[in-house]
Amino acid sequence: MKKLMSANWKMYKTLGQATDTARELAAALGELPADREVLVFPPFTAIAGVAGAFAGRAGFSVGGQDLYPAAEGAFTGEIAPAMLLDLGCTWALTGHSERRHVLGEANEFVGAKTAFALDAGLNVCLCIGETIEERRAGRLEEVLTGHLAAGLADVAKDIGPERLAVAYEPVWAIGTGEVAGPADILAAHAYVRAELEKLLPSHGAEIRILYGGSVKPENTGEIISLDNVGGVLVGGASLQASSFSRIVTA
Ligand code: PEP
């Protein structure tokens, strides 16, 4: 499968800024390398602009950074999968570490969102990863198993490999400039692969596992060539088209 090169723009960029960056990115990249796909998660208010900038470009997709697991209703401030689809999204993120650790989302809620979004027709990138305290306490595997088991609890066991990605993002490497070393990435991704094969026996071997955490143009080539790395999820270094375009083609 193609490497999924994804950008999380978090709570950055107005509609105009995001649309301009998406246009610059599409222009800088031209036709994508045959083995690459681009996926951008803008803030909700900029989704339509980014989708418009990518319209008609093969291999460019847009996703929502979050969703609420209901079709519609009295959920002030939340967003439904149908609303994301309506704006041109084909993907959604679930379980990003900032939602788990800043906004207090529990594993089970992340699982409800993941299953609901998939059932609604969105592809999902489920984010998982340990804090530095959990790693130091020797709890890496326990945390990854917990995030995966709850995150995928209600997902169809034969979900197609193109519909789901898992992003391994060690919390201590997100936005800190500290990248996990190749040995850490290899070990964590091998563990996630084995868990996916157990939880989703039909396609767990094919589902893409992305790495996220201080990915930059300079370190992408090495990271992307590691076993079981099916792409990247990039925050800070994805905000400029010049930097993210170098990551996509690294
Ligand atoms: C992220 O937000 O998912 C992320 C990996 O951020 P950064 O690349 O800035 O570490």
Side-chain angles (χ1 to χ4, degrees), residues 3-13 17-18 21-22 25 36-44 46-47 50 61-67 89 91-105 107 110 113-114 117 123-132 134-135 140 143-144 147-148 151 164-182 184-186 188-189 192 208-224 226 228-250:
K3 303 277 189 196
L4 186 56
M5 312 304 278
S6 45
N8 174 13
W9 287 353
K10 310 191 186 195
M11 200 172 74
Y12 293 101
K13 298 187 186 289
Q17 291 165 340
T21 306
L25 184 64
R36 300 288 150 113
E37 241 180 282
V38 171
L39 169 58
V40 174
F41 295 97
F44 296 140
I47 287 170
V50 175
S61 310
V62 186
Q65 293 176 18
D66 190 33
L67 63 112
C89 289
W91 283 83
L93 271 186
T94 57
H96 190 275
S97 79
E98 287 143 21
R99 297 217 61 90
R100 292 180 190 270
H101 299 296
V102 182
L103 294 151
E105 286 190 7
N107 288 353
V110 173
K113 291 182 179 196
T114 303
N123 302 328
V124 172
C125 176
L126 167 67
C127 303
I128 63 173
E130 81 289 2
T131 63
I132 194 63
E134 290 165 340
R135 175 171 275 260
L140 170 65
V143 170
L144 297 183
H147 285 178
L148 285 168
L164 183 70
V166 171
Y168 168 63
E169 301 202 296
V171 179
W172 45 273
I174 297 181
T176 59
E178 193 170 341
V179 191
D184 289 335
I185 298 176
L186 277 169
H189 281 230
V192 173
R208 285 173 289 192
I209 307 170
L210 316 184
Y211 170 77
S214 297
V215 171
K216 305 265 179 294
E218 297 73 30
N219 59 27
T220 305
E222 180 180 28
I223 291 170
I224 206 82
L226 296 171
N228 286 312
V229 176
V232 287
L233 179 57
V234 189
S238 73
L239 291 170
Q240 264 85 45
S242 54
S243 156
F244 190 53
S245 60
R246 285 170 62 207
I247 288 173
V248 171
T249 53

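Order of listing sets the numbers, starting from 1, for every ligand and every atom in it. Side chains included, hydrogens not; waters and symmetry mates left out as well; all remaining heavy atoms used. We number each residue from 1, following the sequence as shown.
- When non-hydrogen atoms are compared, ligand 1 lies under 4.0 Å from the backbone of I174 as well as from its side chain.
- Below 3.5 Å of separation, one finds an N or O of G236 facing an N or O of ligand 1.
- Of the possible polar contacts, none joining the S97 side chain to the V171 backbone as a donor-acceptor pair under 3.5 Å is found.
- At least one donor-acceptor pair closer than 3.5 Å links the side chain of R100 to the backbone N or O of G95.
- The nearest protein atom to atom 8 (O) of ligand 1, hydrogens excluded, is given as G235 N, 2.8 Å; this is a heavy-atom distance.
- Distances between N or O atoms of H96 and those of ligand 1 include at least one value under 3.5 Å.
- Between H189 and Y211, the ring-plane angle classifies as tilted under the 30° and 60° cut-offs.
- The atoms of ligand 1 that sit less than 4.0 Å from any heavy atom of G213 are 5 (C), 10 (O).
- Which of E169, E98, Q65 comes nearest to atom 3 (O) of ligand 1 through a heavy atom is settled by distance: it is E169.
- Scanning all heavy atoms of the two residues, the minimum distance from Y168 to L140 falls at OH-CD1, 3.9 Å.
- In the vicinity of G175, heavy-atom distances shorter than 4.0 Å reach the ligand 1 atoms 7 (P), 9 (O), 10 (O).
- Listed by number with element, the atoms of ligand 1 under 4.0 Å from a non-hydrogen atom of A173 are 10 (O).
- Of the listed residues (V234, I224, L39), just one forms a side chain to side chain contact (heavy atoms under 4.5 Å, CB included) with M5, and that residue is I224.
- Surrounding CZ of F44 are more than 12 heavy atoms belonging to other residues, nucleotides or ligands, all under 6.0 Å away.
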